[in-house]
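Encoded as structure tokens, the structure appears first; notes follow it.
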Protein chains: 2
Amino acid sequence: MTPVEQRFVQHFGEMGSRWGINRTVGQIYALLYLAERPLNADEIAERLGFSRSNVSMGLKELESWSLVRLQHQAGDRKEYYSTPDDVWAIFRTLAAEKRKREVDPTLSMLREALLEPPGEAGAAHAMQRIRAMHELIELASRWFDDVQRLDSKTLMQLMRLGSRVQRLLEAKNRMTLVGGRRGGG
Amino acid sequence: MTPVEQRFVQHFGEMGSRWGINRTVGQIYALLYLAERPLNADEIAERLGFSRSNVSMGLKELESWSLVRLQHQAGDRKEYYSTPDDVWAIFRTLAAEKRKREVDPTLSMLREALLEPPGEAGAAHAMQRIRAMHELIELASRWFDDVQRLDSKTLMQLMRLGSRVQRLLEAKNRMTLVGGRRGGG
DNA sequence: CAGTACGTTCAGGAATTACTGAAAATTCTA
DNA sequence: TAGAATTTTCAGTAATTCCTGAACGTACTG
């Protein structure tokens, strides 16, 4: 590994805990991300100096995040792992997994809380707060679902547009007002 | 606390580790979020059953995330804490802090890696991968900065639009093509 | 079938992170 | 300034998470 590659791998290890994964998993991912060809578990263990079993667990973890792809090579029984080439695809995957793990459980909890009959639930103020949080998260994750479906090109265009999207929305509003409103809610 | 409130607080405690904070901090935040009035550290310690010192540390942590506001009450020397009312403001704050802690350090690392003279850096493929990741993160965080500046109303409109933004972008593209392109990059 | 080449599991030790109580620091009052 | 009220710090312990080596499982080969 070149010094730059080492720094990259090291960094992913250090950031791991902030990202909700551990050092090993972070470094394995970083190594695979940079690798020119798929690597097998022994190669990973060797290059990173981790035990074979640790690498096995790390790869399972990465598989559960759908962040690595398993392949086989002709005439070799070993399992080879790689990351997708398209960084935008990676970004989407990551976002989807984070949502599933970090947001959805909360959404369920909020939904259940709101189903509680008002009398049982008590404290009106708290219920109001719960409702507000639920609305925001619901809206944000619905938006996320939607944007997930955009192709990479459109997504990039949207991002490049940045806050200038505001002008576009204003233009749209003017047109909608002129043309009349359809639908409701 | 009503059962619903208890479940809410409990949930924030349990999710804490996934969100990169600890149980105590999560529960303190949840309690403050639901509370009808600001609470002081003793009240928090009492209601959650944590030690006074733990609450003190938790509040410091929440302050470092700018997620709580410190107030004083007339004729009372105790420090009272509350969360902002506007959930969209909270959302923004959270996003900004997450970016600062979880994204910016990586961006710096990538930037430095790209400054390395090609000969020194070695492996062209790895450098290409680093460049791709850098581009994506740079673009995404620039977009984030931009969107942060939108007022809550516009932000909500954008989210409600969801993937229908694509049509808007297409309309814009048509107009841009017809009217001619300005600027470059 | 025995032997080999893998991958996985898991008990237990290492490392890290969270929490507490006691002591110290700070801030206010008289 | 002494004293009371409050917050903060921190050393030590509890709890949790991470990592390893050894044992085990599985699938292929001859």
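Values below: every heavy atom of this structure, side chains too, minus hydrogens, waters and symmetry copies. In what follows, chains are A, B, ... by sequence order, proteins preceding strands, each numbered from 1.
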Exercise. Do you reckon L48(B) sits in the same ILVMFWY cluster as M57(B), going by side-chain contacts under 4.5 Å, direct or chained?
Worked result: no
Indicate every side-chain donor-acceptor pair of residues 98-110 of chain A with a distance under 3.5 Å to a residue at least two apart or in another chain.
residue	atom	partner	partner atom	Å
K98(A)	NZ	E102(A)	OE2	3.2
R99(A)	NE	D104(A)	OD1	3.1
R99(A)	NH1	S141(A)	O	3.4
R99(A)	NH1	D145(A)	OD1	2.3
R99(A)	NH1	D145(A)	OD2	3.0
R99(A)	NH2	D104(A)	OD1	3.4
K100(A)	NZ	E97(A)	OE2	3.2
R101(A)	NE	E97(A)	OE1	3.2
R101(A)	NH2	S64(A)	O	2.9
R101(A)	NH2	S64(A)	OG	3.2
R101(A)	NH2	E97(A)	OE1	3.3
T106(A)	OG1	H11(B)	NE2	2.8
S108(A)	OG	D104(A)	O	3.2

Problem set entry | Test item: side-chain donor near acceptor, R7(A) and Q10(A), under 3.5 Å | no
Exercise. Given atom CZ of R77(A) and atom P of dT29(D), what is their separation to the nearest angstrom?
Worked result: 6 Å
For this session: State which residues pass side chain to side chain contact (heavy atoms under 4.5 Å, CB included) with S152(A); sequence neighbours excluded, sorted by chain then number.
Result: D86(A), W88(A), R92(A)
Exercise. Do NZ/NE/NH1/NH2 and the carboxylate oxygens of K60(A) and E63(A) come within less than 4.0 Å?
Worked result: yes
Exercise. Quick one: side chain to side chain contact (heavy atoms under 4.5 Å, CB included) partners of V4(B), sequence neighbours excluded?
Worked result: A113(A), E116(A), A121(A), M127(A), I130(A), T2(B)
Exercise. In terms of the angle between their ring planes, are F8(A) and Y33(A) parallel, tilted or perpendicular, with boundaries placed at 30° and 60°?
Worked result: parallel
For this session: Identify, with sequence neighbours excluded, every residue that meets side chain to side chain contact (heavy atoms under 4.5 Å, CB included) alongside N22(B).
Result: T24(B), V25(B)
For this session: Please list all pairs passing the salt bridge (Lys or Arg N to Asp or Glu O under 4.0 Å) test where one or both residues lie in residues 11-20 of chain B, with sequence neighbours left out.
Result: none
Seminar exercise, completed: residues 42-53 of chain B vs salt bridge (Lys or Arg N to Asp or Glu O under 4.0 Å), sequence neighbours excluded, gives R37(B)-E43(B), D42(B)-R52(B)
Exercise. Quantified as the angle between the terminal helix axes (five pairs each), what is the overall bend of the helix from dC1(C)-dG30(D) to dA30(C)-dT1(D) to 10 degrees?
Worked result: 10°
Acceptor/donor pairs from residues 66-77 of chain B side chains to any protein atom, 3.5 angstrom cut, sequence neighbours excluded:
residue	atom	partner	partner atom	Å
Q71(B)	OE1	S82(B)	OG	2.8
D76(B)	OD1	K78(B)	N	2.9
D76(B)	OD2	Y80(B)	OH	2.6

Problem set entry | Positional range of nucleotides in DNA chain C within the contact set of chain A, heavy-atom, under 4.0 Å | dA5(C) to dT9(C)
For this session: Using a cut-off of strictly less than 4.0 Å between a heavy atom of the residue and any atom of DNA chain C, enumerate the qualifying residues of residues 43-72 of chain A by number.
Result: R52(A), S53(A), S56(A), K60(A)
Exercise. Contacts to DNA chain D from residues 17-30 of chain A, heavy-atom cutoff under 4.0 Å, which residues?
Worked result: N22(A), R23(A), T24(A)
Problem set entry | Set of residues satisfying side chain to side chain contact (heavy atoms under 4.5 Å, CB included) with respect to A35(B), sequence neighbours excluded | L39(B)
